[in-house]
Amino acid sequence: MTKTVRKLFFLWEYEKEEEWINQMAREGWMLIRTGFRKYVFEKGTPGKYTYRVELLDKGMNSKESNSYLIFLKETGIELVGECNNWVYLRCKTAECRFDPGDRPLYNLTHLLKLQEFFNTLRNLFVTCIAACIVGILILEHFTPNPVVDFSKGFCTGFSMTMAFAILLATPFFRRINNKVKVAIKEMYTRE
Amino acid sequence: MNPQDNIVLTEAVFYTLLALYSPLHGYGIMQETGKMSGGRLRLSAGTLYGAISSMLEKGWIRALPGEEESRRKEYVITDLGKCIARTELTRLRELVENGTKIIE
């Protein structure tokens, strides 16, 4: 028996997403496939699998990611689904070989990957905003006509949305930075 | 890398080097290190993958030629790796000696 759930998590809500998937597993619903905003679950023994949402260094089809995923497979970790560089992994709870979340080195590695990913995204957004502003300034020199007006409106709306997205993600950036600091401090005293 | 340099190995790296005195693949390393430490050390996949990639780069271990890229790979310690492990053993001995002297 399977069921499909449609649910939206923002990119920075990956922890919430992972927790939700694991909660479903504890209730006997094992994630077997993912799509955009789509999660397919299969009925199974509650708690049989533990899930993890992880960000890969490189794209899914790169040699590095490929060899990493093959390595994981050998150790009993299955790939359930993917979305861009994000992968949904699972292993049998009894023989789980995921890194425990309390290891500073693991935390730091993962956090730096996240930081890089989101910095790239933010830079892209900022570049788009800058392009829109330049666009608007250039359009000022044209005599108003429907096309110019539309373009101006579009540029304004687009850059506003981007700016709003960056603002929305600010607390997330701050949280990651704080976590990085904590992990580094932790590494002064333990491995 | 000069083996004489003062390198402090992580537990995962030291145990992996020990396990690779005979060739093993990834999952074999996990089982062997678990056995050696009496079940105390449970290497996770991510940690081991990181350790292996880093040691391959440094030339402490090498991959045995397999049939295909996608087949499960076996690894074995190199002479440099053995030298590193020996240096680490000396360091650990010093720790144990000093610890014993003062604590017990």
Side-chain angles (χ1 to χ4, degrees), chain A residues 14 18 49-58 60-80 85-114 183 186-191, chain B residues 6-20 23-35 37 39-58 61-76 88 91-92 95 99:
Chain A
Y14 69 98
E18 186 180 287
Y49 288 104
T50 301
Y51 288 83
R52 175 153 289 182
V53 183
E54 204 173 297
L55 178 65
L56 298 176
D57 259 338
K58 300 244 169 74
M60 273 297 292
N61 299 319
S62 68
K63 214 178 131 202
E64 288 88 347
S65 297
N66 203 17
S67 78
Y68 177 57
L69 291 170
I70 287 172
F71 186 88
L72 291 187
K73 202 173 165 192
E74 276 176 22
T75 61
I77 296 175
E78 270 177 84
L79 177 69
V80 178
N85 291 10
W86 295 83
V87 284
Y88 298 84
L89 306 168
R90 77 171 181 189
C91 63
K92 291 209 175 78
T93 306
E95 51 199 61
C96 210
R97 291 292 193 170
F98 284 136
D99 280 276
D102 62 348
R103 286 192 47 250
L105 183 62
Y106 162 75
N107 277 341
L108 196 58
T109 318
H110 190 61
L111 288 167
L112 288 178
K113 261 194 250 177
L114 281 173
E186 214 23 59
M187 285 182 76
Y188 275 104
T189 49
R190 68 186 180 116
E191 208 178 86
Chain B
N6 216 352
I7 317 166
V8 177
L9 303 185
T10 63
E11 199 178 40
V13 165
F14 187 63
Y15 261 121
T16 304
L17 283 176
L18 293 186
L20 289 180
L24 282 173
H25 49 81
Y27 192 62
I29 297 174
M30 286 178 173
Q31 287 176 316
E32 188 55 35
T33 50
K35 222 187 319 171
S37 64
R40 184 183 58 80
L41 185 67
R42 274 177 61 85
L43 281 183
S44 55
T47 304
L48 182 59
Y49 186 80
I52 288 179
S53 327
S54 158
M55 284 192 284
L56 280 174
E57 236 168 71
K58 293 181 200 291
I61 60 172
R62 62 185 173 84
L64 291 177
E67 297 156 40
E68 259 176 81
E69 186 73 11
S70 60
R71 299 286 299 171
R72 53 161 57 179
K73 263 189 212 154
E74 283 201 312
Y75 306 93
V76 72
E88 179 67 357
R91 190 188 70 86
L92 289 172
L95 285 184

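Letters A, B, ... are given to chains in the order of the sequence lines, protein chains preceding strands, and every chain is numbered from 1. Side chains are part of it too, since the values below use all heavy atoms of this structure and drop only hydrogens, waters and symmetry mates.
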Inset, instruction - Go through the atoms of A:C91 and report whether side chain, backbone, both or neither lie under 4.5 Å from a heavy atom of chain B. - result: neither
Inset, instruction - Search all heavy atoms of B:R42 against all heavy atoms of A:E95 and return the closest pair with its distance. - result: NH2-C, 4.1 Å
Inset, instruction - Please check if any side-chain donor atom of B:Y49 sits under 3.5 Å from a side-chain acceptor atom of A:S67, or the reverse. - result: yes
Legend entry - Polar side-chain atom of A:R97 near backbone of B:L43 as donor-acceptor pair, under 3.5 Å: yes
Inset, instruction - Give a yes or no on this: more than 12 heavy atoms of other residues, nucleotides or ligands lie within 6.0 Å of atom NZ of A:K113. - result: yes
Inset, instruction - Assess whether atom CG of A:D102 is packed by more than 12 heavy atoms of other residues, nucleotides or ligands within 6.0 Å. - result: yes
Inset, instruction - Mind listing the closest non-hydrogen atom pair of B:Y27 and A:T75 along with its distance? - result: CD1-CA, 3.7 Å
Inset, instruction - Name the option with the most non-hydrogen atom pairs under 4.5 Å to chain B; the candidates are A:L72, A:T109, A:N66, A:D99. - result: A:D99
Inset, instruction - Could you list the residues that satisfy side chain to side chain donor-acceptor pair (under 3.5 Å) with A:S65, not counting sequence neighbours? - result: A:S62
Legend entry - B:Q31: partners by side chain to side chain donor-acceptor pair (under 3.5 Å), with sequence neighbours left out: none
Legend entry - Note, A:Y68 side chain near B:S53 side chain (heavy atom, < 4.5 Å): no
